[in-house]
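Okay, so here's the structure we're looking at.
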Protein chains: 2
Amino acid sequence: MKPEDTGEDGGKARVLRADAQRSTDALLQAAKEVFAESGVDAPVREIAKRAGVGIGTVYRNFPKRSDLIAGVFRREVDVFAEAGQALAGSDAPFEALARWSGLYVDFLATKRGLGAALYSGDPAYEALPGYFRARLEPVVRDLLENAAAAGEVRKDVDPYELLRAIGSLSATAETGGAETARRMVGLLLDGLRYGVERG
Amino acid sequence: MKPEDTGEDGGKARVLRADAQRSTDALLQAAKEVFAESGVDAPVREIAKRAGVGIGTVYRNFPKRSDLIAGVFRREVDVFAEAGQALAGSDAPFEALARWSGLYVDFLATKRGLGAALYSGDPAYEALPGYFRARLEPVVRDLLENAAAAGEVRKDVDPYELLRAIGSLSATAETGGAETARRMVGLLLDGLRYGVERG
DNA sequence: GGATAAACGGAACGTTGCTCCGTTTAAATA
DNA sequence: TATTTAAACGGAGCAACGTTCCGTTTATCC
């Protein structure tokens, strides 16, 4: 049971009081449930209520709305990044990339509103893209470089741009079904394969 | 000077009172300006203020927020649809499709928040996708069918899906620059060309 | 068992989309 | 032109939201 604070500074470990730790845990759990049911735009009050905690407590632990969202998805994104690193070792690099992309589409599809929030530019969600980028860009980079080294895709595509593009296309999954998103992402990836020789 | 009501029923032409006509015009003009400055999420009160009109008047003429947005962009979308139809006559069908896509990216890039609002699924913007779809899907269909008939792209892509995909990718233009969006749309279109023979 | 600072909770503020209704006014009628 | 009437007006008001503020409670340390 480490202190485990909310920020990503592993440095000066401020020891949380027991009640604070409880509140943080309850909030993350409640937020996870509420996000799953009502999307990431769910009212903060609802999350506070479900956690059995006052609104003030929410904002002390998660100063911005996006901090709460980031907190909820941090572990899941981490899991995702690991899954990607595993795939990056594949000897069928393009298929690995495609598979990972499919997983990412599904991942965002089950987190209602997350895809839209990620790249909305809304300052309320400021903290989100940073964390996602930090964790997932290296994964995409690896997958992409492997596929490029194998001559399966072109080399002139920026990993972060591709990550954003997949995320954007996944945002349509919420209103149009995940199949559409998957097809469009598939199309995008096929674009990576078009004209490889001169890429 | 026809009655020119707000709805799309060309039928029973309800004659607007002169002041009502003035209000509608002023609102459309004000909304256009405000949207350009602050994006489509700008407060209704601000638009009302600039138009020199009460809030009640806004909601009588445009019951939902999206009706106002649709009203503002209606003409521009129409122009867009015409430009597409012109391109559809080209004898370089894929290039026509690519060119039109580029125009669409730029179009959405200059309308801050429109891309995000279009396919957000937010009920507040309900009326938007319908109008965009009605006007633009036939265009994409033509462009796509022409290119497919020329053997330049595959045949198994749904025009509306493609339209949405381009729109979604354009949404990233607001935070990441239009170049990124254009590159990603280019990638998507290259996907259309990948493996044509078996499409 | 104090002392103290950390954590708490919720009232309150400002902003938003939208409704409601008493007031004004364009325009048809006499 | 005077009267009538329904269309259009404007903005107070409502509910919901994100966020701040601060008096109260409580975990922890000595």
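Per chain, numbering begins at 1; letters A, B, ... match sequence-line order. Values in this document were obtained by computation on a predicted structure and should not be read as measured data.
For the pair A:D41 CG and C:dG17 P, the computed distance is 15 Å after rounding to whole Å. Atom CD in B:E46 sits roughly 15 Å away from atom C1' in C:dG17 (whole-Å rounding). At whole-Å resolution of the value, CZ in A:R22 and C1' in D:dT28 are 13 Å apart. Atom NZ of B:K49 is separated from atom P of C:dT15 by 12 Å (rounded to the nearest Å). A:F62 has its CZ atom 11 Å from the P atom of C:dC8, to the nearest Å. The separation between B:E126 atom CD and C:dC18 atom C1' is 15 Å, rounded to whole Å. Atom CG of A:L16 is separated from atom C1' of D:dT28 by 13 Å (rounded to the nearest Å). Rounded to whole Å, atom C1' of D:dC17 lies 13 Å from atom CD1 of A:I47.
Take the nearest nucleotide of DNA chain D for A:K64 and for B:T57: the residue whose nucleotide is more 5' is B:T57. The nearest heavy atom of DNA chain C to A:G54 and to B:A18 marks one nucleotide each, and the one closer to the 5' end goes with A:G54. For the pair B:G56 and B:R65, nearest-nucleotide mapping onto DNA chain C gives the more 5' position to B:R65.
In this model, the phosphate group of C:dA7 is not approached by any side-chain N or O of A:S23 to a distance below 4.0 Å at OP1 or OP2. An OP1 or OP2 oxygen of C:dC8 is reached within less than 4.0 angstrom by a side-chain nitrogen or oxygen of A:R60. Distances shown here put every side-chain N or O of A:N61 at or beyond 4.0 Å from the OP1 or OP2 atom of C:dA7.
Closest to the side chain of A:D19, from the set D:dT28, C:dA7, D:dA8, is C:dA7. The B:V53 side chain lies nearest to D:dG10 when the options are C:dG9, D:dG10, C:dA7. For A:Y59, the listed nucleotide lying nearest its side chain is D:dT20; candidates were D:dT20, C:dG9, D:dC9. Of the candidate nucleotides C:dC8, C:dA27, D:dT19, C:dA27 has the atom lying nearest to any side-chain atom of B:R17. The A:I55 side chain lies nearest to C:dG10 when the options are D:dA27, C:dC18, C:dG10.
One N or O on the side chain of A:R65 and one on the backbone of A:V40 form a donor-acceptor pair closer than 3.5 Å. Side-chain atoms of B:S38 do not come within 3.5 Å of backbone N or O of B:F35 as any donor-acceptor pair.
One N or O donor and one acceptor, one from the side chain of B:R45 and one from the base of D:dG13, sit under 3.5 Å apart.
Annotation: cation-pi pair B:R135/B:F80 absent, no NZ/CZ under 6.0 Å from the ring centroid and within 45° of its normal.
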Inset, instruction - Go through B:E95 and B:R99 one step at a time and tell me if the salt bridge (Lys or Arg N to Asp or Glu O under 4.0 Å) criterion holds. - result: CA-CA 6 Å; B:E95 195 188 313; B:R99 196 184 308 243; 2.4 Å; yes
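Each of B:R50, B:K32, B:K111 was evaluated against B:E37; a single residue qualifies, B:R50, per the salt bridge (charged side-chain N to carboxylate O under 4.0 Å, His left out) test.
Between B:R193 and B:L189 the shortest side-chain heavy-atom distance does not fall below 4.5 Å.
When heavy atoms are screened at a 4.0 angstrom cut-off, A:A51 is found touching no nucleic acid atom at all.
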